[in-house]
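What follows is one structure encoded as structure tokens, with my remarks underneath.
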Amino acid sequence: MSDPLLTRKEQMVVMAARLLRPAERVLVGVGLPNLAANLAKRVHAPDLVLIYESGILDANPKSLPLSIGDPVLVRDALATIPMLELFSNYLQTGWIDVGFLGGAQVDCRGNLNSTVIGPYEHPVRRLAGSGGAADIASCARRLILMLPQDLRHFPPRVDFVTSPGHPPEGRRPDGQGPAWVVTDRGLYDFDDEGRMRLRQLHPDETVATVQKATGWPLAVHPDVHHWAPPTDAEHEALRRLVSTTPVDRQASA
Amino acid sequence: MTAVEWLSVSEAVARYIEDGQVLYLAGFTHLIPFAFGHEIIRQHKRGLTLCRATPDLLYEQMLAGQVADKVVFSYAGNPGVGLLPVFRRAVETGAVAIEEWTHFEMVARLAAGAAGVPFWPVNTLDNDLSRRRARPRVASPFTGELVPVVPPLAPDVTLLHAHAADEEGNIYVDGLLGEMREAALAARRVLVSVETCEPARDLRAGRLTLLLPAFRVASVSVEPWGAHPSYVLGRYDRDTLFYREWDAQARQEVAVDAWLQEFVYGVADRAEYVRQLPAGRLRTLKEAALI
């Protein structure tokens, strides 16, 4: 059994943080990716370069930012630059190592939907839309996707392709595109044909239980195994990070 | 050179904003011109096309105030909190038309508008947004390479909030610029509100940078707290509690109407709005900005 003190969401954040390597330049999306990137910087990759689409280069936030344009991100950053400069001169030209995105739906090619549930013209649920996600998915050297896993989030087909994944005929020819998907049930990579493939499992899951939460027949790596649970250091750093959200500080002020 | 006009926010909106215009209220998370937005609601402008990369709470409130027919945008979320309930209702019921882009496409459109060129190349891969509008490609006359292009965005008026103006109306800011400069330079007319007016010699010796020269600015309004609940780096912090509370409140239309009644229609101007806010809240935001 896994540590009951760690929620599934927390384990997921720890697993995602582990995928980031020291000194990489990471373009960080809002929500869980933001939490995971900030955790990695506090645990094993203090020289991780956090870049935010609002135009922040090398953020060193003292506490967890709520939004991607928070003052806490700006204060100790190397620089703030116009969005146009960030998107055209850094992202489009290949200077971003890792794009780190969340979304509402993902399919087996790593196509990500963060635009709409239901038809575009008559939405059942209108979501936020691309922001920089489609641009980041197009141009980052590799992509990490993060979202909870159930039949709603892992449908056979996404309702809308906001951020393109691997093409139907195989992996992206430029070697870029989705590299990892992290969920609350498991960790996935992509095989040579560009199909999402189960690599690691949450300690409470089996291949069969994860298959039930997936809207297509899962590809499974021959060496699939349970992931190593979060260490005390990871756990402690995550709890400390979460306790510093700006809302908590403001509400208690 | 035409001199900048020093107007109140109310005078500037009355003089320059007309029904049916295309407006860009600039500022990415930072320096969002809420004072201008509220004044546009108070003056019952109608039929506007509102452009912003991130509609944010500002366009929530302006949609609730029924000033717009159409929103041009790239990310309609409440960052770190969730979605925009008023925007969602308006889109799901078809009450407002939308035109949607990616962030890069949006800032590239502004760059084309600011540079006065007919298109701007953007190498983002095809997705369902670009497929829906059959995004055109242009062949490079030099290499023959095909590049996707987006059209210019040139608003009738761009409105923005900044840290300071000098006596001549040159505009200075610090921190995140987002898409502010391109949005301003893409517009024929720019209306600016500022926290303070300060002597040019102090501003030029300090850490603020020039956002716009006075000759690109039609009017300047001195409007302290003009960006609340967003923030002005070094002056006051982002009111994240406000952003969180809006999420719950805005799910009910009647709660939004009550909020507009109290904080927009029920006050004459920004100074009165500020007096309605809890005093402790403002003090906290000011202190947090100085850390």
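Keep in mind it's a predicted model, so treat the numbers as computed, not measured. Side chains included, hydrogens not; waters and symmetry mates left out as well; all remaining heavy atoms used.
Minimum interatomic distance between A:Ala134 and B:Thr124 (heavy atoms only, all atoms of both residues): O-CG2, 3.7 Å. Taking each heavy atom of B:Tyr231 and A:Val74 in turn, the nearest pair found is OH-CG2, 3.7 Å. A pairwise comparison of heavy atoms in B:Leu83 and A:Ala128 identifies CD2-N, 3.5 Å as the closest pair.
A side-chain donor-acceptor contact under 3.5 Å links A:Gln92 to the backbone of B:Asn123.
Both the backbone and the side chain of B:Glu92 come within less than 4.5 Å of a heavy atom of chain A. Heavy atoms of A:Val124 lying under 4.5 Å from chain B belong exclusively to its backbone. Heavy atoms closer than 4.5 Å to chain A are found in the side chain of B:Phe87, but not in its backbone. Contact annotation for A:Ser54: both backbone and side-chain heavy atoms come within less than 4.5 Å of a heavy atom of chain B. Only the side chain of B:Ile98 comes within contact range of chain A, judged by heavy atoms closer than 4.5 Å. The contact between A:Leu127 and chain B is made by backbone and side chain atoms together, counting heavy-atom distances below 4.5 Å. For a residue to count as touching a neighbouring chain, one of its non-hydrogen atoms must lie under 4.5 Å from one of that chain's; by this rule B:Asp126 touches chain A with the backbone only. Contact annotation for A:Ser138: both backbone and side-chain heavy atoms come within less than 4.5 Å of a heavy atom of chain B. In this structure, the portions of A:Ser88 lying under 4.5 Å from any heavy atom of chain B include both its backbone and its side chain. Only the side chain of A:Arg75 has a heavy atom closer than 4.5 Å to any heavy atom of chain B.
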Check against side chain to side chain contact (heavy atoms under 4.5 Å, CB included), B:Val81 and A:Leu66: CA-CA 8 Å; B:Val81 177; A:Leu66 184 69; 4.0 Å; yes

Step-by-step salt bridge (charged side-chain N to carboxylate O under 4.0 Å, His left out) determination, B:Arg132 to A:Glu121: CA-CA 11 Å; B:Arg132 283 177 56 79; A:Glu121 303 293 351; 2.6 Å; yes

Derivation and outcome, side chain to side chain contact (heavy atoms under 4.5 Å, CB included), residues B:Leu129 and A:Phe160: CA-CA 9 Å; B:Leu129 276 181; A:Phe160 194 91; 4.0 Å; yes

Audit row: B:His30, A:Thr80, side chain to side chain contact (heavy atoms under 4.5 Å, CB included) steps and yes/no: CA-CA 12 Å; B:His30 183 213; A:Thr80 55; over 6 Å; no

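Top candidate by heavy-atom pairs under 4.5 Å with chain A, chosen from B:Ala108, B:Ala76, B:Gly94, B:Pro55, is B:Ala76. Among B:Gly77, B:Gly82, B:Gly280, B:Gly178, the residue making the largest number of heavy-atom pairs under 4.5 Å with chain A is B:Gly178. For the set B:Val91, B:Thr29, B:Asn127, B:Leu176, the entry with the most heavy-atom pairs within less than 4.5 Å of chain A is B:Leu176. No other option in B:Val107, B:Leu125, B:Leu233, B:Leu84 has as many heavy-atom pairs under 4.5 Å with chain A as B:Leu125.
B:His103 and A:Phe87 have perpendicular rings, their planes meeting at more than 60° on a 0 to 90° scale where under 30° would count as parallel.
In summary, the side chains of B:Tyr75 and A:Glu53 do not present any donor paired with an acceptor at a separation below 3.5 Å, with no hydrogens or angles considered.
The number of heavy-atom neighbours closer than 6.0 Å to CZ of A:Arg141, taken from other residues, nucleotides and ligands shown, is 12 or below. By the 6.0 Å contact criterion, CZ on B:Arg207 is open, its count of non-hydrogen atoms from other residues, nucleotides or ligands being 12 or less.
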